[in-house]
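Written below as structure tokens is the structure these notes are about.
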Amino acid sequence: VVCGTSGYLCGSELARFMGVPTSCHCKQLCLDHVDEGCRSWMYRDEVTATFDADPHGMRHQECFLMTDRYDDARITTNRDYVSGDIDLVLTGFSPAEIAPDTSFDLTITGVGMTTNPGKSRVKIVRHEDSCGDDNVGVPEQVVGTACAGHVCHPPPAEAQAESATWRMRITAAPTVQHYKVC
């Protein structure tokens, strides 16, 4: 398994680790440091010649954590480097509670989110239901999103690099309801 794309990533360095065995370990280090600002990574695995009797040379295995988001346009061809991003890491949503029959903005936050609103979707289900169950529909009290199987619409009203916002409303029910955001 190889994580990332071959090439040298130009950007702002957050941290550097020596002796990292693989590009996938480097990606995991970035995920471990996402709260400190890691948004992409670059892994170097290079063997250089030495002037001693060792025929294997000297091996350099370094991981560079970067604060810039991954962008193919910033990649320079270099066979000794592999670079990549951290994919999607959701960090939260707001608001946590709302009053019935009140319109609100549901904002999902995360790292590695797309700024293309056509690629982001949200589903709200009852607290006891499974997000991954295609047979679970959006409760009738939820206004602002609908799903057919695993395809939900509409896209967010706003999409930024680390958040997406949907306009929603949850109508009143006879008893207090608890929902979860998928």
Side-chain angles (χ1 to χ4, degrees), residues 1-5 7 9 11-12 14 23-24 26-41 65-75 82-182:
V1 174
V2 175
C3 296
T5 304
L9 176 66
S12 301
L14 172 71
S23 59
C24 293
C26 186
K27 179 178 181 175
Q28 183 61 51
L29 282 169
C30 190
L31 286 166
D32 293 345
H33 291 83
V34 74
D35 290 341
E36 289 87 23
C38 190
R39 298 297 180 264
S40 59
W41 53 270
L65 305 185
M66 315 299 269
T67 58
D68 304 303
R69 290 195 66 178
Y70 180 84
D71 181 359
D72 284 333
R74 293 189 356 249
I75 298 292
V82 175
S83 302
D85 64 8
I86 56 173
D87 302 317
L88 176 61
V89 179
L90 297 179
T91 57
F93 68 91
S94 66
E97 293 185 18
I98 60 152
D101 283 328
T102 303
S103 295
F104 64 98
D105 287 348
L106 173 64
T107 300
I108 307 291
T109 56
V111 177
M113 297 182 74
T114 178
T115 56
N116 179 349
K119 294 190 174 199
S120 296
R121 297 292 188 264
V122 68
K123 180 179 183 181
I124 297 178
V125 299
R126 294 187 196 290
H127 189 286
E128 63 273 7
D129 290 338
S130 169
C131 287
D133 187 346
D134 287 346
N135 296 318
V136 172
V138 174
E140 64 184 58
Q141 291 86 4
V142 176
V143 178
T145 186
C147 301
H150 66 277
V151 179
C152 299
H153 61 87
E158 299 174 28
Q160 298 175 4
E162 296 196 359
S163 69
T165 301
W166 287 261
R167 310 280 188 252
M168 309 287 280
R169 186 167 63 89
I170 297 182
T171 61
T175 61
V176 173
Q177 298 292 307
H178 297 275
Y179 301 98
K180 63 183 166 184
V181 178
C182 306

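Scope of the values below: all heavy atoms of this structure, side chains included, with no hydrogens, waters or symmetry mates.
- Between Ser130 and Lys180, the shortest heavy-atom contact is CA-NZ, 4.3 Å.
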Full working for disulfide bond (SG atoms under 2.5 Å apart) between Cys152 and Cys147:
CA-CA 4 Å; Cys152 299; Cys147 301; 2.0 Å; yes
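- We find the CG-CD1 distance between Asp105 and Ile98 to be 11.5 Å, quoted to the nearest 0.5 Å.
- For Leu65 against Trp41, the heavy-atom pair with the smallest separation is CD2-CB, 4.3 Å.
- Inspection of the Thr107 and Thr165 side chains reveals an N or O donor paired with an N or O acceptor under 3.5 Å.
- Between Arg169 and Asp101 there is a salt bridge, with a side-chain nitrogen of the basic residue lying less than 4.0 Å from a carboxylate oxygen of the acidic one.
- Taking SG of Cys38 as the reference point, atom CG of Asp68 lies at 10.5 Å (rounded to 0.5 Å).
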Ser83 and Arg74: CA distance, side-chain angles, deciding distance, side-chain contact (heavy atoms from CB on, under 4.5 Å) verdict
CA-CA 10 Å; Ser83 302; Arg74 293 189 356 249; over 6 Å; no
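- Disulfide criterion (SG-SG under 2.5 Å) for Cys26 and Cys3: not met.
- Defined by atom type and a distance below 3.5 Å, a donor-acceptor pair is present between the side-chain atoms of Asp72 and Tyr70.
- Here the closest non-hydrogen pair linking Ala172 and Pro100 is CA-CB, 3.9 Å.
- By the 4.0 Å N-to-carboxylate-O rule, Glu162 lies too far from Arg69 to be salt-bridged with it.
- Scanning both residues, Val138 and Ala146, for their nearest heavy atoms gives CG2-CA, 4.3 Å.
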Does the side-chain contact (heavy atoms from CB on, under 4.5 Å) test come out yes or no for Val111 and Met113, once each step is laid out?
CA-CA 5 Å; Val111 177; Met113 297 182 74; over 6 Å; no
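- Contact between Val181 and Cys131 at its shortest, heavy atoms only, is O-SG, 4.3 Å.
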Worked verdict on Phe104 versus Ile170 for side-chain contact (heavy atoms from CB on, under 4.5 Å)
CA-CA 9 Å; Phe104 64 98; Ile170 297 182; 4.1 Å; yes
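- Scanning both residues, Arg121 and Pro154, for their nearest heavy atoms gives CD-O, 3.9 Å.
- Interatomic distance, CD1 of Ile86 versus CD of Gln28, reported as 10.5 Å (0.5 Å rounding).
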Would Lys123 and Thr145 satisfy side-chain contact (heavy atoms from CB on, under 4.5 Å), going step by step from the backbone distance to the final call?
CA-CA 7 Å; Lys123 180 179 183 181; Thr145 186; 5.6 Å; no
